[in-house]
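Because only heavy atoms are used, hydrogens play no part in the values below, and waters and symmetry mates are left out as well, while side chains stay in.
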Amino acid sequence: MAIEVFNRYENKYLLDETVYRRVTQEILLHMERDSYNRNGQFYSIINLYYDTQNHSLIRNSLQKPVYKEKLRLRAYHPVKPEDMVFLEVKKKYHGLVNKRRTKIRMKDAQQFVQTGEIPSDTTGMNLQVLHELSYLVQRRSFIPSAVISYDRMAYFEQNNPDLRISFDTNLRGRRTNLSLTSSQQTGELLLDPGLYLMEIKTRKAAPLWLAHLLNGEQLRKTSFSKYGSFYQKSFA
């Protein structure tokens, strides 16, 4: 069963192609590729972000407050109305990221975000998270705001389930065709070709080998929000 509640710190780094190849070679000595990457290929992620009419969620987030939140639908390929997608709320408080999500049918998702009404068929859904999300969407009026898509390579460590490292490339954003039913390979590029966004996600301190790797490559944390970056380029 997919994990539906996350509590962790997320540190981000920007890498060029040369550094990416060196870093991933070292990571493979300690970690394994995600099951979706076992063939050595990237897999796709498509996110539909919701916001208020005046984009209050992302405008608040860009001010770097102590607390912020985002609401999105996530799929791993273009979907049909009957397909399951993930409805997620991502909160950040004093640097700690809390993500709660549940599966929901694509055909039910839009109405749910508008009304908060629990679908009649909740098979496969996390009811606790669904009720929490229902409370959230009933407090505000959310509308589709942007589609952000990218290709991902991810790694995990068998003996340390708290640690996950991912690399995202081909980041794109669009303000039209706000749907998860079309191809993710459309939209405005958010990173230059050949750049990768590395995210280290963990609830604990980085293992020694990873700390040595970051130091040896002289990698420094950066602040990069996919939705925030697109908003600043295309909305503001």
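- Ser61 and Tyr231 are not linked by any side-chain donor-acceptor pair at a separation below 3.5 angstrom, with hydrogens and angles left out of the test.
- Classified by interplanar angle (parallel below 30°, tilted 30° to 60°, perpendicular above 60°), the ring pair Tyr36/Tyr43 is tilted.
- Partner of Met125 under the side-chain contact (heavy atoms from CB on, under 4.5 Å) criterion, out of Ile118, Thr102, Leu87: Thr102 alone.
- The neighbour count for Arg21 CZ, taken as heavy atoms of other residues, nucleotides or ligands under 6.0 Å away, does not exceed 12.
- For the pair Leu180 and Ala75, the tightest heavy-atom approach, listed with the atom from each and the gap, is CD1-CB, 4.0 Å.
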* **Test log, rule side-chain contact (heavy atoms from CB on, under 4.5 Å), inputs Val85 and Ile46** => CA-CA 10 Å; Val85 295; Ile46 317 170; over 6 Å; no
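- Side chains of Asp108 and Asp121 form no contact here, defined as non-hydrogen atoms less than 4.5 Å apart.
- No side-chain N or O of Tyr155 forms a donor-acceptor pair with one of Asn37 less than 3.5 Å apart.
- The shortest heavy-atom contact between Pro144 and Leu48 is CB-CD1, 4.0 Å.
- Under the 4.5 Å side-chain criterion, counting only non-hydrogen atoms from C-beta, Gln53 is not in contact with Ser141.
- Residues Val147 and Asn177 are not in side-chain contact: their nearest non-hydrogen atoms beyond the backbone lie 4.5 Å or more apart.
- No continuous path of hydrophobic side-chain contacts links Ile148 to Phe42 [ILVMFWY only; heavy atoms under 4.5 Å].
- Nearest approach of Gly116 to Ser134, heavy atoms of both residues: O-OG, 2.5 Å.
- Using a 4.5 Å cut-off on side-chain heavy atoms (C-beta onward), Glu217 and Leu15 make no contact.
- Of the charged side-chain nitrogens involved, none lies within less than 4.0 Å of a carboxylate oxygen, so that Glu10 and Lys12 do not count as a salt-bridged pair.
- Connectivity analysis of hydrophobic side chains (ILVMFWY, heavy atoms under 4.5 Å, direct or indirect) links Leu96 to Tyr9.
- Between Val23 and Phe167 the shortest side-chain heavy-atom distance falls below 4.5 Å.
- Among all heavy-atom pairs drawn from Ser234 and Arg175, the shortest one is O-NH1, 2.6 Å.
- At least one side-chain heavy atom of Leu130 sits under 4.5 Å from a side-chain heavy atom of Pro119.
- Val66 belongs to a hydrophobic cluster whose remaining members, ordered by chain and number, are Tyr67, Tyr93; membership requires side-chain heavy atoms of ILVMFWY residues under 4.5 Å apart, directly or through intermediates.
- To the nearest 0.5 Å, atom NZ of residue Lys221 and atom CG of residue Leu14 are 14.0 Å apart.
- Tyr50 and Phe142 have their aromatic ring centers separated by at least 6.0 angstrom.
- Remark: Asn160 CG to Arg203 CZ distance equals 9.5 Å, nearest 0.5 Å.
- Pairing each heavy atom of Ala154 with each of Arg164, the nearest pair is CB-NH2, 3.2 Å.
- With contacts defined as side-chain heavy-atom distances shorter than 4.5 Å, the pair Leu71/Arg140 does not qualify.
- Other residues, nucleotides and ligands contribute more than 12 heavy atoms inside 6.0 Å of the NZ atom of Lys99.
- With ring centers used as reference points, Phe224 lies 6.0 Å or more from Tyr13.
- Heavy-atom neighbours of Glu157 CD from other residues, nucleotides or ligands within 6.0 Å: above the threshold of 12.
- Both Leu62 and Phe235 are assigned to one and the same hydrophobic cluster, defined by single-linkage of ILVMFWY side chains at heavy-atom distances under 4.5 Å.
- Side-chain contact annotation: Thr186 with Arg174, donor-acceptor N/O pair under 3.5 Å present.
- Just one of Arg100, Lys70, Arg101 meets the side-chain contact (heavy atoms from CB on, under 4.5 Å) condition when paired with Glu88; it is Arg101.
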* To do: Could you give me the CA-CA distance, side-chain angles and deciding distance for Asn54 and Thr52, then say whether side chain to side chain donor-acceptor pair (under 3.5 Å) is met?
  => CA-CA 5 Å; Asn54 65 349; Thr52 62; 2.8 Å; yes
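- Electrostatic pairing of Asp51 and Arg59 does not count as a salt bridge here, judged by no charged N lying under 4.0 Å from a carboxylate O.
- Counting only heavy atoms from C-beta outward, the side chains of Arg8 and Thr202 never approach each other to under 4.5 Å.
- To the nearest 0.5 Å, atoms CD1 (Ile165) and CG (Leu210) are separated by 4.5 Å.
- Under the 4.5 Å side-chain heavy-atom criterion for grouping Ile, Leu, Val, Met, Phe, Trp and Tyr, Val129 is connected to Leu127 within one hydrophobic cluster.
- From Leu178, atom CG reaches atom CG of Leu73 across 11.5 Å, with rounding to the nearest 0.5 Å.
- When all heavy atoms of Gly40 and Met153 are compared, the closest pair comes out as O-CE, 3.3 Å.
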Identify each donor-acceptor pair in which a side-chain atom of residues 191-200 lies under 3.5 Å from a protein atom, sequence neighbours left out, and give them as a table.
{"from": "Tyr196", "atom 1": "OH", "to": "Glu17", "atom 2": "OE1", "distance (Å)": "2.7"}
{"from": "Tyr196", "atom 1": "OH", "to": "Glu17", "atom 2": "OE2", "distance (Å)": "3.3"}
{"from": "Glu199", "atom 1": "OE2", "to": "Lys226", "atom 2": "NZ", "distance (Å)": "2.7"}

